[in-house]
Amino acid sequence: MKEALFLSQIRVRLDDGVTFLDFDSPRGARVYRHSAAHILAQAVKRLYPNARLGIGPAIENGFYYDFEFDAPISAAALERIEQEMKEIIGARLPIRRREMSREEAVALFQEKGEPYKLELIADLPADASLSCYEQGDFIDLCAGPHLSDTGQIKAFKLTGLAGAYWRGDERNQMLQRIYGTAYPSQEQLDAYLRLLEEAKKRDHRKLGRELDLFSLHDEGPGFPFLHPHGMVIWQELTDFWRREHRRAGYEEIKTPIILNRSLWEQSGHWDHFRENMYFTRIDDQDYAVKPMNCPGGMLVFRSRMHSYRDLPRRIAEMGLVHRHELSGALHGLTRVRSFTQDDAHIFMLPEQVEPEVGGVIEMVDRFYRIFGFDYRVELSTRPEKAMGSLEMWEKATAILEKVLRDRNIAYRVNHGEGAFYGPKIDFHLMDCLGRSWQCSTIQLDFQMPEKFDLTYIAEDGQKHRPVVIHRVVYGSMERFFALLIEHYGGAFPAWLAPVQVAVIPITERHHPYAAAVFEKLLNASFRATLDDRKEKVGYKIREAQVKKVPYMLVLGDREAEAGLVAVRHREEGDRGACSLADFIAHLNEIVAAKK
RNA sequence: GCCGACGUAGCUCAACGGUAGAGCAGCUGAUUUGUAAUCAGCAGGUUGCGGGUUCGAGUCCCACCGUCGGCUCCA
C-alpha cells in the first residue's frame, strides 16, 4: 500500500498507485464526505454501542449513514452526535485500510454483531477482495478510498434525520438515516447553508401563498386549488401549448373523468394500477376515476375506421387524472393526487415511430428552451410488472435507443423503470436547487392497440395494428407550474405575469389621467391594475414590487400634462418617461418574445 | 403507508403547567403624497380535532387529521 498522499486540501490513501484528489473534483468530494460518514458512524457507535450499521455513502451535497437503534433516536440527539464527531476529528485518528479474507470479515462482523454488514458481505461476488477501513476504535466494511486521518474534516453539519428502508425496499426493516454535509472550510459550509436558505425563499409553496397563486387545504390533501393569479399563468401555459400543438399537427379532445370498470379491465389498469386508483359506484356498477388518459383516447380512436392515409393521428388532451399517492409522498404542487397531464397519443404505422418520436423530442426541447430549463434524458426499460412479450419490449426499446443515438442525445438507462405497457424516454428538468424532476415523457406502447383491438386499413385492404406513443411535454401542469414558480423565484416574465402593469397615480388629481391610461392598457389586452388608493407612491410601488409586477407606470403632473407615462421596471427601476404608445409597443414586443 | 419533527390571529412568530400576545396584513379616520413601508384608532383566536392526567393544559399523555424532512412511489 502506498503512503498517504498530500494535496492542498485532501490526503487520500489508495492502493492502486499514486493519485491526487482535491475537493473540487466530484470524486474528491465523494471521498471527503464518505470519510465524514465513517466519522458519523464511529460517533454513533460510541454513543450507542448496540446500534447496527447499515450503509453510509456520500451523496450529492453531503452524506448519510443508516443505523438500526434499539429505540429510535430523536432529532435532539444529533447535537450530541455532532459533539462526538468533533472529538473524533480533533483526535486526528489515522484511517487505515485492511484487506482481509471473506472468513476474517465474516468473523469480525459476527463478533461485532453487525447483521447488515454480514448481509452485504454475503452478496459480494465470491472472488471479490474485501477491505475494511479502520480508525481508532471503529472499523467498517468499505471499498474506500478514504482520507488519511479524521482531522482532515474541517467543517461539517448533521442536517437531518429520516427513516429509510434497508436497501430501499419497503418490505425490509426501516432504519434511521442521519444526513449530513461536510466541506473543507467553514466558509464553504456556510455558503452551502446560505444557498439552502435562498432556496427556501423561492419555495413554490411559500411564493404560491404570498403571490396568491394557489392553495392547499386539509379538506383535500393533495388536491390543489388554483387562485385567479395562478389561473392566469395556467391559461398562458395552455394557450402556448395549444398553438404549438396545432402547428405540429395535433388534434385536441376531452374525455370523461369517471369511466366504467370494464374499460379499466380492458386497458390493464385494473390489474396493474389498481392500488393507485379511486373508485365509485353508479347504478350498481363499479366505476373508476381515471388515473391516466389513454383508455379514453383509445375509445376516441376506435370510434371510427382509419385508413393508413389517416396516420399518424396525433390526439392531444389536457386530461385531469387522479392517483392515490401515499400520504407521506405529497408535496406542494409537485406531488399531488390530482393533476392535469398535457397528454397526447400518437396512433401510427410501425415505420412512423422513429420520425414521430423524433418530432416529440424536438417539441420538448423547444418548450424547455423557452423557459430556460436544463434537462437530462433517461431511457427506462422493462419493469418487473410488465405486460407483453420480451421480444416486443426489446424491439420497442431498440427503437427508442436508435432515435436517441441518431440525434446524438446523451442519455442514461434506467433498467426496469419503464411503464407497465412499454419503455419510455424521460426528460428530467434540473431545478434551481439542482434537484431533477421528471416532466416530459415519451412512452412507446404496443399493448393498448392489442387490448383495444385498434386497427387501420392498409394498402393491402386488410386490417393492421397501429402503434401508439403516449407523451407529455409539461408532464403535470401542476408540477411544471411549481417548477416555474421556483425557477423564476416568483418574478414571472411579462408574458406569464398575472399582473403585467401596475398603473400608479401620484395623487387623486391624477386619477382621471391614470384611469384613461389603464383603460387603454386593457384595450390593448394587457393585464393591468389601477392603484387609486389614497397612499403615497412609495407605498404603492413597494406593494407592486413585492407582488413582482414587471412594469409600473407612475403618473403625476408631469406625465398628465405631457401625455406621457413614467415607466418603472421591476428589476431595472426608473426608466424615465415615454409615450403610452411606445410603452405598449415595447410591452407587446417583450410578451411576444416570451422574454 | 413507514421513520422523525411540527401544528397558536390571514401571514411570520411569542407566551416557567396559572388571565393567549406582537409585527405585518385587514377595517375606520386623518394625511394628497414623485419611484420599496405616513400617522392614529379598531377589530381579529373554542391554541388542528377528540379523549385523558391535573385544583388548573397552548404547554404533559394517548389516538386521529394535516403539514414539513426523508424512505417508497411517480407526472
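Naming: A, B, ... by sequence-line order, numbering from 1 per chain.
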Which donor-acceptor pairs under 3.5 Å do side chains of residues 75-83 of chain A form with protein atoms, sequence neighbours excluded?
| unit_1 | atom_1 | unit_2 | atom_2 | d |
| --- | --- | --- | --- | --- |
| Glu82(A) | OE2 | Leu158(A) | N | 2.8 |

Output all residues satisfying side chain to side chain contact (heavy atoms under 4.5 Å, CB included) with [X], sequence neighbours left out; order by chain, then residue number.
X         : value
Asp271(A) : none
Ala560(A) : Tyr513(A)
Tyr250(A) : His245(A), Ala248(A), Arg314(A), Ala316(A), Ala344(A), Ile346(A), Val360(A), Met363(A), Arg471(A)
His511(A) : Pro505(A), Glu508(A), Asp532(A)

* To do: Indicate the ring-plane relationship of Phe223(A) and His322(A), choosing parallel, tilted or perpendicular according to the 30° and 60° boundaries.
  => tilted

* Asked: What class does the angle between the rings of Phe480(A) and Tyr368(A) fall in, given that below 30° is parallel, 30 to 60° is tilted and above 60° is perpendicular?
  -> parallel

* To do: For Gly332(A), answer base if it contacts any base atom (sugar-phosphate contacts may also be present), sugar-phosphate if it contacts only those atoms, and nothing otherwise; contact means non-hydrogen atoms under 4.0 Å.
  => sugar-phosphate

* To do: Let me have a per-nucleotide readout for nucleotides 4-14 of chain B, 5' to 3', with B, S or -, counting only protein heavy atoms under 4.0 Å.
  => SS-----SS--

* Structure fact -> Nucleotide by nucleotide, nucleotides 29-38 of chain B touches protein heavy atoms under 4.0 Å in the pattern (B base, S sugar-phosphate only, - none) --BBBBBBBB

* Listed partners of Gln447(A) passing side chain to side chain donor-acceptor pair (under 3.5 Å), at least two apart -> none

Write down the distance between [atom1] ([X]) and [atom2] ([N]), rounded to a whole number of angstrom.
X         : N      : atom1 : atom2 : result
His322(A) : C74(B) : NE2   : C1'   : 17 Å
Gln173(A) : C2(B)  : CD    : P     : 14 Å
Phe67(A)  : G70(B) : CZ    : P     : 19 Å
Asp212(A) : C24(B) : CG    : P     : 21 Å
Phe339(A) : C73(B) : CZ    : P     : 16 Å
Tyr165(A) : C2(B)  : OH    : P     : 8 Å

How far, in whole Å, is [M] from [N] if one measures between their [atom1] atoms?
N      : M      : atom1 : result
C6(B)  : C61(B) : P     : 10 Å
C16(B) : C11(B) : P     : 23 Å
G45(B) : G34(B) : P     : 38 Å

* Asked: When you look for runs of 3 or more Watson-Crick or G-U pairs in a row, both distances below 3.5 Å, which of them include RNA chain B?
  -> B:1-7 with B:65-71, B:10-13 with B:21-24, B:26-30 with B:38-42, B:50-52 with B:60-62

Reckon [X] has a side-chain N or O less than 4.0 Å from the OP1 or OP2 of [N]?
X         : N      : answer
Ser327(A) : G1(B)  : yes
His331(A) : G69(B) : yes
Arg205(A) : G69(B) : yes
Gln438(A) : A75(B) : yes

* Asked: Could you give all pairs that pass the ring-ring contact (aromatic ring centres under 6.0 Å, His included) test and reach residues 527-551 of chain A, with sequence neighbours left out?
  -> Tyr551(A)-His569(A), Tyr551(A)-Phe583(A), Tyr551(A)-His586(A)

* Structure fact -> Considering only heavy side-chain atoms of Ala329(A), the closest of U72(B), C2(B), U67(B) is U72(B)

* Looking at Glu198(A) and Lys201(A), does any basic side-chain N land under 4.0 Å from a carboxylate oxygen? -> yes

* **Pairs flagged by salt bridge (Lys or Arg N to Asp or Glu O under 4.0 Å) wherever residues 156-168 of chain A is involved - sequence neighbours left out** => Glu119(A)-Arg167(A), Asp123(A)-Arg167(A)

* All salt bridge (charged side-chain N to carboxylate O under 4.0 Å, His left out) counterparts of Arg542(A), not counting sequence neighbours -> none

